[in-house]
Amino acid sequence: MPVAKKFWLMKSEPDAFSFDDLMAEPDATAHWDGVRNYQARNMMRDDMQVGDKVFFYHSRTKPPHIAGIATVVKAGYPDHTALDPKAPYFDAKSDPENPRWFMVDIQGERALDPVVSLDDLKDNPALEEMKVVQKGQRLSVQPVTQAEYDEVLRMEERMRTNS
DNA sequence: GCCAACGTTGGC
DNA sequence: GCCAACGTTGGC
């Protein structure tokens, strides 16, 4: 029996890698390398599965917002950039025989229209439990519930039809 | 650019 | 194994 689809939010600084970058070529995929946090690592290694849906979130921008939707196309596998001394996220403690860091591959699905800003999320009482609106929540990979996922898409729909 | 919040490191 | 120091994240 297939594992139930799950939902995630992944943060990127658009100056480094934006949703537009992901969508620049049709059907292009990206590997989500460079995550060096154990909680995020564990989710990518253990919990994310092909077919899971991902909110692509732009952080450190004005305003921060969910830019689009992506799909996981490859489940967790070792992040080779941790093993490359010339790579910016090289980690001397990661070992090819026992890799410390993992990544997943995602493919862009569609941009949100309009994007849903962090303020929009905070203004919605239905989303007060959502991780990304919690103060001090820095995890770059976060689980999202199906209810939260559906609610964000309803917000997008409302904002589009009201404009 | 500031700085609060948080995760990691390493001396003890 | 505690915890101060340090580095990073990310909203503001």
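A, B, ... follow the sequence lines: proteins, then strands. Residue 1 opens every chain.
- Within residues 134-145 of chain A, the residues that place at least one heavy atom under 4.0 Å from DNA chain B are, in residue-number order, A:Lys135, A:Gly136, A:Arg138.
- Listed by chain and residue number, A:Lys53, A:Thr71 satisfy the side-chain hydrogen bond (donor to acceptor under 3.5 Å, both in side chains) test with A:Glu109 (two or more places apart in sequence, or in another chain).
- Residue A:Gln39 contributes atom CD, which lies 18 Å from atom P of B:dA5 at whole-angstrom precision.
- The hydrophobic cluster containing A:Met103, built from Ile/Leu/Val/Met/Phe/Trp/Tyr side-chain heavy atoms closer than 4.5 Å, also comprises A:Tyr77.
- Contacts classified as ring pair (Phe, Tyr, Trp, His ring centres under 6.0 Å) and involving residues 23-47 of chain A (residues at least two apart or in different chains) are given here: A:His31-A:His80, A:Trp32-A:Phe56, A:Tyr38-A:Trp101.
- Within residues 81-106 of chain A, the residues that have a heavy atom under 4.0 Å from DNA chain B are, in order of number, A:Lys93.
- With distances taken from any side-chain atom of A:Asp119 to the nucleotides C:dC12, C:dG10, B:dT8, the minimum falls on C:dC12.
- Residues in residues 128-140 of chain A take part in no side-chain hydrogen bond (donor to acceptor under 3.5 Å, both in side chains) pair, two or more places apart or across chains.
- The side chain of A:Lys122 lies closest to C:dG11 when the candidates are C:dG11, C:dG10, B:dT8.
- Listed for the A:Arg41 side chain is a donor-acceptor partner under 3.5 Å among the backbone atoms of A:Arg100.
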So which protein N/O to nucleotides 1-3 of chain B N/O distances come out below 3.5 Å?
none

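- Residue A:Leu83 is found outside any hydrophobic cluster, as its side-chain heavy atoms come under 4.5 Å of no other Ile, Leu, Val, Met, Phe, Trp or Tyr.
- When the side-chain hydrogen bond (donor to acceptor under 3.5 Å, both in side chains) test is applied to A:Asp47, no partner is found at least two apart in sequence or on another chain.
- Partners of A:Ser117 under the side-chain hydrogen bond (donor to acceptor under 3.5 Å, both in side chains) rule, at least two apart in sequence or in another chain, are A:Asp120.
- We find that CG of A:Asn37 is positioned 14 Å from C1' of B:dA5, with the value rounded to whole Å.
- The hydrophobic cluster of A:Phe102 has no other members, since no ILVMFWY side-chain heavy atom comes under 4.5 Å of it.
- Looking at residues two or more places apart in sequence or on another chain, you find a side-chain hydrogen bond (donor to acceptor under 3.5 Å, both in side chains) between A:Trp8 and A:Asp52.
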